[in-house]
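The structure appears below as structure tokens.
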There are 2 protein chains.
Amino acid sequence: MTSRRGRPSQAVLTRERILLAGLALVDEDGLAAVSMRKLARRLGVDPMSLYNHVDGKDALLDGIAEVLVASIPVPPAKADLRETMSALAHGFRAAMLGHPRAAPLVLTRRLASLTALAPVEAVLAPLLAAGFPPERAVHGLRAVLAFLIGTLMREVEAAPTLGGSVQRVADLSAPAVAAAAPYLAVCDHEAEFEFGLRILLDALDAP
Amino acid sequence: MTSRRGRPSQAVLTRERILLAGLALVDEDGLAAVSMRKLARRLGVDPMSLYNHVDGKDALLDGIAEVLVASIPVPPAKADLRETMSALAHGFRAAMLGHPRAAPLVLTRRLASLTALAPVEAVLAPLLAAGFPPERAVHGLRAVLAFLIGTLMREVEAAPTLGGSVQRVADLSAPAVAAAAPYLAVCDHEAEFEFGLRILLDALDAP
DNA sequence: ACCTGAACACCGTTCAAGT
DNA sequence: ACCTGAACACCGTTCAAGT
């Protein structure tokens, strides 16, 4: 049922269709498996056709990252400072954990700043409203963001849990590691997240 | 001056020689430019020869990461808690900034835990000595590590500064971003690092 | 035990050609 | 304006062969 538009045939390909198919490909097969050719195959199209909508493989990955960033829920501007910060952090985390294999795209690329404008505004607005000098607000934002990025890298695949095989390898050579081994062996990501986030939000609340 | 060993000719290739050449290649040309073939060329050797000492490209990258981790200076076990933590954090940062293009290998891969044993011991020992219950010591370690990873990712290339082109794009649509624009536009990595680290170390000192 | 080189199944991207 | 396909210069890795 092609509609009554004048164009010879509706474009099969769209930047959006490509990015969504790309995200699905990453979700299914992982980042390392992404290739222009495979993505084209999935879309039933010649590999070169993708280049009409996307600037190359790197731009494709940036685009997928932007899709992910755009999916971060931004809480209503009203609520109180701590609640807002916490809601944003949890929303960011949930968005990343919803696509664990694609999350490194967001966590390890410098995106065009406009992509993250809404969430950044949502963080800065209550900080400024609470009387924070802008410089300190930016410091706070960046400290929390660094923690989020580090934590999520760990949750998502990369970055050491320090868990692995610490078992009883360590003894005389590393007595403290041996003593803490049971806690190093497991990692409750949820608890680690709340623990670190509370420290940072407490520090921002304080002054 | 080949020495008097019985072997027909000393091995030209060593795992260590390969890893160091790999690190140099990353330093010069960046991570994306690393290939087994290019590394072999640099060593004056057939590409396939590398496979006698290294398990493949991924294992090569792990090996380079381990070289970097091994270069983290571990402070003497004595000093006081806060001083030790701070020294380790600064040492970690300095080691990564010494090889900014290779740093993501450390920051984004799950290394065999034994690699990081010495630094982890150096963090946990003073925490336990100060009376921290081991579970809390591990939480503290992980929170600081997450912050370090996130901060260094930002310093080193990846992860948003939020600086970019926020200039005056934002106005009515994002008044808080507009108000903080001058501080978003620049990023004093040193200051951000100290700011966040102090918050975390203060929180660990407290109880 | 280590090194080699040909071969295989892939890549990203340029370019000229089609509609 | 969009899509195509051949071609180019690369990849990582297997395998059989050399010493």
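What you see is a predicted model, and the numbers here were worked out from it, not measured in a lab. Naming: A, B, ... by sequence-line order, numbering from 1 per chain.
Distance, Asp46(A) CG to dA17(C) P: 17 Å, rounded to whole Å. When the C1' atom of dC11(D) is taken as reference, atom CG of Leu25(B) falls 14 Å away, rounded to whole Å. One atom, CG of Asn52(A), and another, C1' of dG5(D), lie 14 Å apart when rounded to the nearest Å. Between the CZ atom of Arg41(A) and the P atom of dC3(D) there is a distance of 18 Å, given to the nearest Å. Put simply, CG on Leu39(A) is 13 Å from P on dC3(D), counting in whole angstrom units. Going from atom CG of Leu61(A) over to atom C1' of dC11(C) covers 14 Å, rounded to whole Å.
Among the atoms of the strands shown, only primed sugar atoms or phosphate atoms (P, OP1, OP2) are found under 4.0 Å from some heavy atom of Ser35(B).
No salt bridge links Arg109(A) with Glu66(A); every basic N to acidic carboxylate O contact stays at or beyond 4.0 Å.
Contact between the side-chain N/O atoms of Ser49(B) and the OP1/OP2 oxygens of dT4(C) is found at a separation under 4.0 Å. Side-chain N/O atoms of His53(B) include none lying less than 4.0 angstrom from OP1 or OP2 on dA1(C).
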For nucleotides 13-16 of chain D, list the nitrogen or oxygen atoms of the protein found under 3.5 Å from its nitrogen or oxygen atoms, one pair per line.
from, atom 1, to, atom 2, distance (Å)
dT13(D), OP2, Tyr51(B), OH, 2.7
dT13(D), OP2, Lys57(B), N, 2.9
dT13(D), O5', Tyr51(B), OH, 3.4

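Contacts of Asp29(A) classified as salt bridge (charged side-chain N to carboxylate O under 4.0 Å, His left out), with partners at least two apart in sequence or in another chain: none.
Nucleotide dT14(C): paired with dA6(D) (Watson-Crick or G-U wobble, both distances less than 3.5 Å).
You'll find the side chain of Val26(A) stays beyond 4.5 Å of the side chain of His99(A), heavy atoms only.
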* Mind running side-chain hydrogen bond (donor to acceptor under 3.5 Å, both in side chains) on Glu194(B) and His189(B) for me, showing each step along the way? => CA-CA 9 Å; Glu194(B) 302 296 350; His189(B) 293 298; over 6 Å; no

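Here the options are Lys38(A), Arg101(A), Arg42(A), the test is salt bridge (Lys or Arg N to Asp or Glu O under 4.0 Å), and the partner is Glu28(A); only Arg42(A) passes.
Leu107(A) and Met153(B) make their closest contact through O-CE, 3.7 Å (heavy atoms, listed as atom of the first residue, atom of the second, distance).
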